[in-house]
Amino acid sequence: MIAAIIRLYIKNYENTTDKKVREQYSIFGGILGIICNLFLFISKFLIGMTMNSMSILSDAFNNLTDMGASFISIISAKLSNRPPDKAHPFGHGRFEYLASLTISIIILIVGYKLCETSVMKFFEPETMEFSYWSMAILLLSIAIKGWMCLYNRYIARKINSSVNEATASDSINDAIATAGVLAATILQQFTALPVDAAAGTAIGLLIMYTGCGIAKDVINILLGRAPNPELVQQIVQCALKCPYVVGVHDIKIHDYGPGRMFASLHAEVPDTADLVEVHAALDVLEDELIDAFQMEVNIHMDPLCTNPHIINKVRHILDAIIQKKYPHYHTDNLRITAGMVRLNIICDLHIPPEEYTPDHILKIHQEINDAMRQYNERYRVVLAKIVPEQYLHAKRARLKDKNCRLAAQEAKNESAERQIHD
């Protein structure tokens with residue numbers, strides 16, 4: 001149903017990479033949200049006042065905040081679509097994340113106020129009137145909120161919108177909360193216990209929980225969370241299809257809003273390849289990555305050393321340092337970019353899982369680099385990948401057991417030789 005409505009309302013609805021189309025999707029979702037939530041607020045407010053029900057009034061004001069959130073989503077769609085300017089060279093796409101954060105703050109405030117009011121009802125209970133008409137409105141509200149969850153999730157998938165995803169989550173929570181209100185309203189007719197006040201408090205807590213979840217997700221994006229591992233793997237696979245690229249490392253992805261992502265990576269190429277041809281091939285690769293992942297891409301070229309003498313020499317030095325400082329670690333996939341000013345040693349490092357912590361990784365990196373610089377000031381180590389491996393424990397145990405067996409066998413052989421000699 002929602003897809004059919006979108007086809008009527010939005011021209012070029014399939015071209016979701018276009019900023020104008022994304023804006024129309026967001027505005028469409030916001031308008032639907034305003035209409036639905038306004039209807040639900042008015043209906044529940046009138047019923048709540050008539051029945052003197054704190055839980056229904058709490059649910060009504062929850063819908064009012066949702067209507068405000070829809071207004072914010074429309075405004076953010078307009079603001080985030082503003083083109084880049086001198087002060088904001090990466091555009092204004094993060095307005096959408098700020099809008100989601102604002103929505104979460106509003107949700108938290110409303111949830112707290114509803115909890116506060118509902119708790120007071122425990123100490124000052126009031127008689128609640130029952131109405132079948134109100135039950136019908138609550139059932140209709142559950143259906144509407146379920147539909148709102150579906151259409152917001154549909155739009156979120158289409159345009160990769162955190163605002164619509166947050167609204168979808170909020171809608172399903174609202175449907176659950178309204179179901180709780182319905183159950184509490186019916187149950188209150190058969191008991192003198194403050195069921196209505198308890199339901200209002202529970203709804204307030206649920207609203208606050210939803211607000212915290214939305215705020216956490218948005219803050220992680222704004223702080224610069226790690227990119228999706230699947231996306232990184234897809235970029236690597238695409239880059240390795242380039243005829244000159246033999247490896248990729250140091251992939252960084254910056255999120256400036258939906259459809260406004262920027263990535264940089266180091267592409268490893270043989271130092272014997274023609275520089276002009278490699279540069280042209282990497283230009284083509286940049287275009288392919290832009291088309292495939294809808295993000296700006298900048299590729300740094302790392303010419304790998306192909307001289308076996310230099311590679312073996314550096315490998316021997318690095319392995320000696322690793323075995324001395326961290327005998328239970330091991331490296332693999334070593335490659336080198338050698339220049340007059342600096343020689344970069346790129347490798348993967350395998351470590352035990354219990355030592356895979358950010359602070360320890362920084363310490364390892366610093367100590368290995370310090371040791372390499374003591375040998376040669378030009379040397380720098382780049383840990384392309386740090387892999388926690390469970391099997392290192394078993395490997396260490398097997399090695400220890402093997403050494404014990406060898407020592408026992410040598411002792412046995414020496415004893416036998418002495419007996420023969422005697």
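Heavy atoms only: backbone and side chains are in, while hydrogens, waters and symmetry mates are out.
Between Phe39 and Ile144, the closest side-chain pair of non-hydrogen atoms falls below 4.5 Å. With contacts defined as side-chain heavy-atom distances shorter than 4.5 Å, the pair Leu38/Leu40 does not qualify. The shortest distance between side-chain heavy atoms of Thr331 and His350 does not fall below 4.5 Å. Considering only heavy atoms from C-beta on, Leu222 comes within 4.5 Å of Leu98 through its side chain. Within the 4.5 Å cutoff, the side chain of Lys216 has no heavy atoms near those of the Ile219 side chain. Side-chain contact between Leu64 and Phe45 is absent, with no heavy atoms from C-beta onward closer than 4.5 Å. In this structure the side chain of Ile386 reaches within 4.5 angstrom of the side chain of Leu383, judged on heavy atoms. Ser70 places a side-chain heavy atom less than 4.5 Å from the side chain of Asn37.
Remark: the His328 side chain and the Glu355 side chain contain an N/O donor-acceptor pair separated by less than 3.5 Å. Between the side chains of Lys44 and Thr178, a donor-acceptor pair is found at a separation under 3.5 Å. Side-chain atoms of Gln323 and Asp319 include no donor-acceptor pair closer than 3.5 Å.
Interatomic distance, Ile310 CD1 to Leu343 CG, rounded to the nearest 0.5 Å: 7.5 Å. Atom CG of residue Leu138 and atom OG of residue Ser43 lie 10.0 Å apart, to the nearest 0.5 angstrom. Atoms CE and CD1, from Met295 and Ile253 in turn, are 4.5 Å apart once rounded to the nearest 0.5 Å. Atom-to-atom distance recorded for Asp217:CG and Cys212:SG is 11.5 Å, nearest 0.5 angstrom. Separation of atoms CD (Gln233) and CG (Asn228) is listed at 11.0 Å; rounding is to 0.5 Å. Within the model, atoms CG of Asn298 and CG of Leu282 stand 10.5 Å from one another, a figure rounded to the nearest 0.5 Å.
Residues satisfying the ring-ring contact (aromatic ring centres under 6.0 Å, His included) test with Tyr151, not counting sequence neighbours, are Trp147. When the ring-ring contact (aromatic ring centres under 6.0 Å, His included) test is applied to Tyr244, no partner is found at least two apart in sequence or on another chain. The side-chain contact (heavy atoms from CB on, under 4.5 Å) check on Leu334 picks up Ile311, Arg315, Leu318, Ile336, Ile345, Cys347, with sequence neighbours excluded. Here Phe262 pairs with Phe90, Tyr256 under the ring-ring contact (aromatic ring centres under 6.0 Å, His included) rule; sequence neighbours left out. Not counting sequence neighbours, the partners of Lys252 by the salt bridge (charged side-chain N to carboxylate O under 4.0 Å, His left out) test are Asp250. By the side-chain contact (heavy atoms from CB on, under 4.5 Å) test, Thr357 is found to be paired with His360, residues two or more places apart in sequence or in another chain being considered. Applying the ring-ring contact (aromatic ring centres under 6.0 Å, His included) criterion to His88, with sequence neighbours excluded, gives His92.
Counting non-hydrogen atoms of other residues, nucleotides and ligands closer than 6.0 Å to NE2 of His309 gives a total of 12 or fewer. In this structure, Glu230 places its CD atom where only 12 or fewer heavy-atom neighbours from other residues, nucleotides or ligands lie under 6.0 Å away. More than 12 non-hydrogen atoms from other residues, nucleotides or ligands lie less than 6.0 angstrom from OH of Tyr154.
The list of salt bridge (Lys or Arg N to Asp or Glu O under 4.0 Å) pairs with a residue in residues 145-169, not counting sequence neighbours, reads Asp66-Lys145, Lys145-Asp174, Arg153-Glu165. Each ring-ring contact (aromatic ring centres under 6.0 Å, His included) pair with one or both residues in residues 362-387, not counting sequence neighbours, would appear here, but there are none. Applying the ring-ring contact (aromatic ring centres under 6.0 Å, His included) test to every pair with at least one member in residues 65-84, sequence neighbours left out, gives no pairs at all. Every pair tested for salt bridge (Lys or Arg N to Asp or Glu O under 4.0 Å) that includes a residue from residues 279-296 fails, sequence neighbours excluded, so the list is empty.
Between Pro388 and Pro353, the shortest heavy-atom distance links the atoms CB-CA, 3.9 Å. For Ile172 against Cys149, the heavy-atom pair with the smallest separation is CB-SG, 3.9 Å. Here the shortest heavy-atom pairing between Pro303 and Thr337 reads O-CG2, 3.3 Å. Between Phe293 and Leu231, the closest heavy-atom pair is CD2-CD1, 3.6 Å. Contact record, Cys115 with Gly204: SG-C, 3.3 Å, taken as the closest heavy-atom pair. Residue Ala239 comes nearest to Val248 through the heavy atom pair CB-CG2, 3.7 Å, listed as atom of the first residue, atom of the second, then distance.
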Practice item. Evaluate the criterion side-chain contact (heavy atoms from CB on, under 4.5 Å) for residue pair Ile351 and Val387; output intermediate values, then yes/no. Key: CA-CA 6 Å; Ile351 69 175; Val387 184; over 6 Å; no
Exercise for review: Please lay out, stage by stage, how Ile34 and Ile74 fare under the test side-chain contact (heavy atoms from CB on, under 4.5 Å).
Suggested key: CA-CA 10 Å; Ile34 291 170; Ile74 292 174; 3.8 Å; yes
Exercise for review: Evaluate the side chain to side chain donor-acceptor pair (under 3.5 Å) criterion for residues Gln374 and Asp370: first the C-alpha distance (whole Å), next the side-chain angles of each, then the deciding distance (0.1 Å), finally the verdict.
Suggested key: CA-CA 6 Å; Gln374 287 178 7; Asp370 289 344; over 6 Å; no
Review point. Where do Ile361 and Lys363 land on the side-chain contact (heavy atoms from CB on, under 4.5 Å) test, with the steps shown first?
Key: CA-CA 5 Å; Ile361 289 170; Lys363 178 186 174 185; over 6 Å; no
Exercise for review: Run the numbers on Tyr112 and Leu108 for side-chain contact (heavy atoms from CB on, under 4.5 Å), then give the verdict.
Suggested key: CA-CA 6 Å; Tyr112 172 76; Leu108 284 169; over 6 Å; no
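Side-chain atoms of Arg373 never come within 3.5 Å of backbone atoms of Arg378 as a donor-acceptor pair (strictly under, hydrogens ignored). For Ser141 (side chain) and Ile137 (main-chain N/O), no donor-acceptor pair under 3.5 Å exists by modelled atom type.
Under the side-chain contact (heavy atoms from CB on, under 4.5 Å) rule, Ile322 has a single partner from Leu349, Val381, Ile364, which is Leu349.
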Would you give me the side-chain donor-acceptor pairs under 3.5 Å for residues 266-274, sequence neighbours excluded?
residue : atom : partner : partner atom : Å
His266  : ND1  : Asp302  : OD2          : 3.1
Glu268  : OE1  : Arg335  : NE           : 2.9
Glu268  : OE2  : His249  : ND1          : 2.6
Glu268  : OE2  : Arg335  : NE           : 3.1
Glu268  : OE2  : Arg335  : NH2          : 2.9
Asp271  : OD1  : Thr306  : OG1          : 2.9
Asp274  : OD1  : Val276  : N            : 3.1
Asp274  : OD1  : Glu277  : N            : 3.0

